[in-house]
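Within every chain, numbering begins at 1; the chains are lettered A, B, ... in the order of the sequence lines, protein sequences first and strands thereafter. A quick note: this is a predicted structure, and the numbers were derived from the prediction, not measured.
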Protein chains: 2
Amino acid sequence: MARRPLAPNRRSDTRERILESATILFGTRGFDSVSLDQIAAEVGVAKQSLLYWFASKDDLIQAVLVNMAAELTVVVEAAIRSAPDMPLDRLEAVIHAVFRPAVRRPALLGLLRELSRLPTGAAEHLTEILNPLVTRAETWLRTEMQAGRLRQGDPSLIIALVYATVAGIATEPEALRVVGWSQDVIGLRKLRNELTSFLRAALAPS
Amino acid sequence: MARRPLAPNRRSDTRERILESATILFGTRGFDSVSLDQIAAEVGVAKQSLLYWFASKDDLIQAVLVNMAAELTVVVEAAIRSAPDMPLDRLEAVIHAVFRPAVRRPALLGLLRELSRLPTGAAEHLTEILNPLVTRAETWLRTEMQAGRLRQGDPSLIIALVYATVAGIATEPEALRVVGWSQDVIGLRKLRNELTSFLRAALAPS
DNA sequence: ACGGTTCTCTACCAAATGGTAGACAATCTC
DNA sequence: GAGATTGTCTACCATTTGGTAGAGAACCGT
């Protein structure tokens, strides 16, 4: 005796609502710390409805990650296309693009922190999506360096450092409270700006 | 019928062995993903021996964190005392000091990533230990800036950014494999060096 | 020698977890 | 209107989890 009748439109939006809630919960508290029951309660459905849309918890995790990777890809690609031509300005535009969805939904970047604890099989799928993005950024950096518009350096290392910093910033603001800061002093936006100014200083051609 | 007789020396070293194994497991896989059974198996004792030395899992977590914080404090203080007088050199020495225990035991920095998921009550205790360290670094940076030996900036933001980067680097190397890098290309040591060179570029007096 | 302390163990337990089976209602197709 | 499809639910289950109870061995001080 299903109490909630089907929505008037043909397809239900339950899948999207599950993905959204799961993204937030997984991003803030981690895969293993969030149970299917908690996600279901957040969405407002029974746990078995989750398992109707996603065959297992690992499936749901994978879907959340692919979703996040796709969203990041879109905003980054858009930023690259529309950004100014000067490499440092373009770099700043991309950084801002990465942070923009996170300003509205900080949990998105929190997922980056979880990349080291993927369910088996999810890694390959994600690599397929993220690797082209990274490779593209790498070749772009290298080209600009050879043109003398950026200081010489190892593109892989630079990207890795930026990635690590963004993932680390995503552990905020909870972690920073522990060492004695408030969110007012250290905000996501301030940290993003500090990161870009660091990048400018480190990469400006000498 | 305890099969293993007591060690010849009076105090058993079980507590230390538990702390060491718990540090590695918690640091690599997170608090919630590691069960007491797994830690006990790693140490080679029964789970109930864990609960003899630590009243609960939260107690063990807190002990691990306090241990880590104390170790970090020691190496940082030592680096500050013995480091050269030039602020950028001293900064580099401190960064190296923070990474040194991690080179031998990467899981130690992984704990930083877990600071946002503390059991209730552990936060205050940790703040007591870490906050003085941060405050001291902050005032030191401010003094050097006023003396014109470092570029002007917000000390809190700089420290937060460095902290975020270190915590992010700690999510390596697993996470970086996902975006298509090998550990050979991006190592802990290389990232550390890149971080210090970024800091030098960003903080050198103009 | 003996009683207390220290330390480790086996045996359980209640709760939570991911997942299965299957009933049932609303809708679509014909 | 009949049957298939879609979507949600209740009921249940095996396993794992953090934690308790308590026995017993080795060692200590006296």
Side-chain angles (χ1 to χ4, degrees), chain A residues 1-23 25-26 28-65 114 117-122, chain B residues 1-23 25-26 28-65 114 117-122:
Chain A
M1 46 191 89
R3 279 165 195 162
R4 294 165 197 245
L6 262 190
N9 39 339
R10 182 75 181 78
R11 304 272 308 173
S12 120
D13 62 342
T14 303
R15 201 189 131 93
E16 283 76 28
R17 280 165 46 223
I18 293 173
L19 267 181
E20 177 67 20
S21 292
T23 299
L25 287 174
F26 283 148
T28 50
R29 285 161 44 203
F31 298 139
D32 287 339
S33 313
V34 178
S35 69
L36 295 184
D37 281 301
Q38 290 166 357
I39 300 174
E42 182 76 18
V43 179
V45 298
K47 175 177 64 172
Q48 285 64 20
S49 296
L50 260 71
L51 291 165
Y52 172 79
W53 292 103
F54 304 93
S56 66
K57 187 179 183 180
D58 282 357
D59 254 46
L60 174 57
I61 290 174
Q62 174 146 347
V64 163
L65 289 170
E114 294 292 310
R117 297 172 203 162
L118 295 182
T120 51
Chain B
M1 47 188 91
R3 279 165 196 160
R4 294 165 198 247
L6 262 190
N9 38 338
R10 184 70 183 82
R11 303 273 308 174
S12 120
D13 61 343
T14 304
R15 198 189 134 93
E16 283 76 28
R17 279 165 46 223
I18 293 173
L19 267 182
E20 177 67 19
S21 292
T23 299
L25 287 174
F26 283 148
T28 50
R29 285 160 44 203
F31 299 139
D32 287 338
S33 312
V34 178
S35 68
L36 295 183
D37 281 300
Q38 291 166 356
I39 300 174
E42 181 77 18
V43 178
V45 298
K47 176 176 63 171
Q48 286 64 22
S49 296
L50 260 71
L51 291 165
Y52 171 78
W53 292 104
F54 304 94
S56 67
K57 187 179 184 181
D58 282 357
D59 254 45
L60 173 58
I61 291 175
Q62 172 145 348
V64 163
L65 288 170
E114 294 292 311
R117 299 173 202 161
L118 295 181
T120 50

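- One can place CD1 of Ile39(B) at 11 Å from P of dG19(D), the figure rounded to the nearest angstrom.
- Straight-line distance from the CZ atom of Phe31(B) to the C1' atom of dT17(D): 18 Å, rounded to whole Å.
- Rounded to whole Å, atom C1' of dT8(D) lies 13 Å from atom CG of Asp13(A).
- With rounding to whole Å, Leu50(B) atom CG is found 13 Å from dT17(D) atom P.
- The CG atom of Asp32(A) sits 14 Å away from the C1' atom of dA16(C) (whole-angstrom rounding).
- Inter-residue side-chain proximity for Trp53(B) and Leu60(B) is flagged as unmet; no heavy-atom pair is nearer than 4.5 Å.
- The side chain of Thr14(A) contributes an N or O atom lying less than 4.0 Å from OP1 or OP2 of dT8(D).
- Picking from dT8(D), dT8(C), dG19(C) the nucleotide with the shortest atom distance to the side chain of Ser49(A) gives dT8(D).
- With DNA chain C read from its 5' end, the first of the two nearest nucleotides for Gln38(A) and Gln48(A) is the one closest to Gln38(A).
- One cannot find a donor-acceptor pair under 3.5 Å joining the base of dG19(C) and the side-chain atoms of Lys57(A).
- Look at CZ on Arg15(A): it is 17 Å from C1' on dT8(D), rounded to the nearest Å.
- Rounded to a whole Å, the CG atom of Asp37(B) is 15 Å from the C1' atom of dT20(D).
- For Tyr52(A) and dG7(D), the shortest distance from a side-chain N or O to OP1 or OP2 is below 4.0 Å.
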### Message
Working note: Glu114(B) + Arg117(B), criterion salt bridge (charged side-chain N to carboxylate O under 4.0 Å, His left out); need CA distance, chi angles, decisive distance, verdict.
### Response
CA-CA 6 Å; Glu114(B) 294 292 311; Arg117(B) 299 173 202 161; 3.6 Å; yes
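- Within 4.0 Å (heavy atoms only), Leu51(A) reaches at least one base atom of the nucleic acid.
- Ile18(B) has its side chain out of reach of Tyr52(B): every pair of non-hydrogen atoms, C-beta onward, lies at least 4.5 Å apart.
- Between dG19(D), dG19(C), dT17(C), one nucleotide has an atom nearer to the side chain of Lys47(B) than all others, and that is dG19(D).
- Nearest approach of Leu36(B) to Lys57(B), heavy atoms of both residues: CD2-CG, 3.9 Å.
- Contacts of Val34(B) with the nucleic acid, taken as non-hydrogen atoms under 4.0 Å apart, involve only primed sugar atoms and P, OP1 or OP2.
- For the pair Arg17(A) and Thr14(A), the minimum side-chain heavy-atom distance is below 4.5 Å.
- The phosphate of dT6(D) has neither OP1 nor OP2 within less than 4.0 Å of any side-chain N or O from Trp53(A).
- Rounding to whole angstrom units, CG of residue Leu36(B) and P of dG19(D) are separated by 6 Å.
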